[in-house]
Structure formats: C-alpha cells, structure tokens
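Just dropping this structure here.
Convention: sequence-line order gives letters A, B, ...; per-chain numbering from 1. Below, all heavy atoms of this structure are taken into account, side chains as well, without hydrogens, waters or symmetry copies.
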Amino acid sequence: MPELPEVETVRAGLERLIGTEARIARIELMRPDLRVRIPPSLGRRLAGQPITGIRRRAKFLLIDTPAGSLLCHFGMTGTWRLAPPGDERPHDHCYLHLADHRRLAFRDPRRFGMLGLVEPHGRHPSLDGLGPEPLDAQQFTLEHLAQRCRRRKAPIKAVIMDQAVVVGVGNIYAQEALFRAGIRPQRPAGAITRARLARLVDEIRLVLAEAIVAGGSTISDFRQAGGDSGYFQHRFRVYGRAGEACVACGARLTGGVVGGRGTTWCRTCQR
DNA sequence: CGAATCACCTGATCGC
DNA sequence: TGCGATCAGGTGATTC
C-alpha cells in the first residue's frame, strides 16, 4: 500500500479517528518477528500514555507520546484499521488498545513492515540518512536533485526511489512522475539536463500532492484508516497499464524491468 | 564507490 | 478444480 500518499492518508485518517484526547491503554504484541523485530519494551513504555500527535516522516508513521513515539513502516502490505471486538484477522501482529476501549490493529501479511520505538527527542536508525521531504519546496529542490544525479549512471527511476535522495517515492509514483515529466525510466540520471530535472521535481511534487487529495491509491487491500478506499488508482497513466494505449499519444505502453522492479513507460512520449 | 542482484514473507493471479 | 510459476506498493545485505 504504502508510498508517501498512502502513509499520509493513513496519518490523517488516524488523526481524525483518534482525536486530540486519546490515550493508549495497552499494547498487545502477537508476533514480534517482522522485518525488524518489534522491541518487547514497546508495550511497557507506551501503556497509559496520552497521544500528543501523529506525524509522518518519509514512509514512516509516528505516534507521539511523552514517553516516546511508536514508529511504524508499512512495508508492502502493512495496514492499520479500527478493529471492533470480534474483528480479529490472520496476520494481525499488534493491537493498540485505546483508553476509550477502541482497538487499532496493525496487520501485515508479508511482514516487511516494522514497529519500533523512538525515544523522546531521540534518533532511530531507520530515520537516519533519509533525504528531503518532496512536498517541502525548501527541502527538495532542483539544486538538490541535480547534485544527487551528477555523474550517476543508475537509471533515473532507481535514483528517485532511493530514500536517501528524496523520500516517499516508490514504484508507482516513480513511474507516474517520470511519465508526466516525459523521461524514460531507464535513462542514466547523470545524462538528464537541468531543465528536465526541474520538470521532474515539479511532477514528483504534483503527483504526490494529487494522490494525497485523492486519498491515496487502493491496490488489493489498502484502505484508509476509516475503511474507505483511496481512488488515485483510477488516475494511473502508466502503472499497471503495459500493453494498453498511452493516454497522451495512443501508442502501446511498454513493460519491462527497471531498477529491478516492474516498470511501464511510453516509448514515444518518454525520452 | 556505485550498480545490480538477492533475500526477506505471504497471497493473488495466470497458464496449463 | 488443482498446481506450479510468477508477480506484488519496500528495504537492507551481499556481490560484482
């Protein structure tokens, strides 16, 4: 589910669901062996704590309390949902019980996600080395992207998916942004003019912002925290459309592998 | 050092 | 219907 727009959608949904007076009653860990093992101290530390904010950094969600923050990554299949009594499902790895007796469930069939603890005002290895937030025009600039592309031979798609270069862009939005910018995903990053990189910076920002407004993209089982599905998937121009007609020129879209991941592009519109 | 590949897991889908 | 192969929104380790 989870590139920046999906995580942001969940963040906003949880914020709305939980309100400003919420308190964590207790945390129930059923299966700690995710990609990163869930620290056993999590429950002790956060039990009884008031929730003071819900933030997003890159593709991470942070639930803040005075005793520390719950750090969550969704991997490929992670979800949070409101789970009323009786709604227990396979692959529910953690239940967060609120003081008002509601229960939030973290479910992640593939277990590529993570739950962790960040000390108050502390660091966390997963958050070190992250690049700028793309929606912050002060942070993510042409200057920055051009500098990170200089002399690099890797395909531009791999570069913009590199979380040290810019955060939040995954396999869907990389393809969508490159189509909108008219750049072939496999073009060596160092061989792109400044003018075209400037366009790419704009299109990355635009596509992410549009997707947030649309409530993210629903593929298989992504849902907003309130259970609604996003609808940005209806606006994909290339992702998942190999063999279909280009929305701009009508040519058949090409499918292949770029940066080790399935990729679709238009050989006519993208150069 | 950078770039490519593999590994981690489960589930859905597709072709036979 | 059943079964194996393939693919999937991410990231970190390993290899070349």
Original post:
Does A:L127 share a hydrophobic cluster with A:L42, counting links as ILVMFWY side-chain heavy atoms below 4.5 Å and allowing steps through other members?
Top reply: no

**OP:** With A:Y173 as reference, evaluate A:E3, A:E6, A:E210 under the side chain to side chain donor-acceptor pair (under 3.5 Å) test and give the passing residue.
**Re:** A:E6

Original post:
Under a 3.5 Å cut-off for both distances, is C:dG9 Watson-Crick or wobble paired, and to whom?
Top reply: none

**OP:** Please report, rounded to the nearest Å, how far the P atom of C:dG12 is from the CZ atom of A:R37.
**Re:** 19 Å

Original post:
Is it true that A:R57 and A:E133 make a salt bridge, defined as a side-chain N closer than 4.0 Å to a carboxylate O?
Top reply: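 Yes, A:R57 and A:E133 are salt-bridged.
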
Original post:
OP1 or OP2 of B:dG11 less than 4.0 angstrom from a side-chain nitrogen or oxygen of A:H91, does that happen here?
Top reply: yes

**OP:** Using heavy atoms to find the nearest nucleotide of DNA chain C for A:R110 and A:S126 separately, return the residue whose nucleotide is more 5′.
**Re:** A:R110

**OP:** Check every strand shown and say whether A:P125 touches a base, only sugar-phosphate, or nothing at a heavy-atom separation below 4.0 Å.
**Re:** nothing

Original post:
Which is true for A:G260 with a 4.0 Å heavy-atom rule: it touches a base, it touches only sugar-phosphate, or it touches nothing?
Top reply: nothing

**OP:** Would you mind reading off the distance between A:F112 atom CZ and C:dC7 atom P, rounded to a whole angstrom?
**Re:**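 My rounded result for the distance is 15 Å.
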
Subject >> Nucleotide C:dG12, atom P - distance to CG of A:D162 in whole Å >> reply: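 Rounded to the whole Å, the gap is 10 Å.
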
Original post:
Is the number of heavy atoms from other residues, nucleotides or ligands within 6.0 Å of CZ (A:R252) greater than 12?
Top reply: no

Original post:
In whole Å, what separates the P atom of B:dC14 from that of C:dG9?
Top reply: 16 Å

Subject >> Whole-Å gap separating C1' (C:dT6) and CE (A:M76) >> reply: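 Those two atoms, CE and C1', are 13 Å apart.
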
Original post:
Using the P atom in both, what is the distance from B:dC9 to C:dC3, to the nearest Å?
Top reply: 25 Å

Original post:
Between A:K59 and C:dT11, does any side-chain N or O lie under 4.0 Å from OP1 or OP2?
Top reply: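 True: A:K59 side-chain N/O within range (under 4.0 Å) of C:dT11 OP1/OP2.
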
Subject >> Rounded distance in Å between the P positions of C:dT11 and B:dC1 >> reply: 22 Å

Original post:
Taking NZ from A:K157 and P from B:dA3, how many angstroms apart are they, rounded to a whole number?
Top reply: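 So the two atoms are 15 Å apart, to the nearest Å.
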
**OP:** Classify the nucleic acid contact of A:R152 as base, sugar-phosphate or nothing, counting any heavy atom under 4.0 Å across all strands shown.
**Re:** sugar-phosphate

Original post:
How far does the P atom of C:dG12 sit from the matching atom of B:dG11, given to the nearest Å?
Top reply: 24 Å

**OP:** In whole angstrom, give the distance that lies between atom CD1 of A:I160 and atom P of C:dG10.
**Re:**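 Atom-to-atom, A:I160 to C:dG10, this comes out as 12 Å.
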
Subject >> Interatomic distance where CZ belongs to A:R111 and C1' belongs to C:dA8 [whole Å] >> reply: 17 Å

**OP:** Please tell me which of the listed nucleotides, C:dA8, C:dG10, B:dC9, lies nearest to the side chain of A:Y239?
**Re:** C:dA8

Original post:
Looking at A:F112, is A:R35 sitting on its ring face, NZ or CZ under 6.0 Å from the six-membered ring centre and within 45 degrees of the normal?
Top reply: no

Subject >> Rounded distance in Å - CZ (A:R35) to P (C:dA13) >> reply: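 Atom-to-atom, A:R35 to C:dA13, this comes out as 9 Å.
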
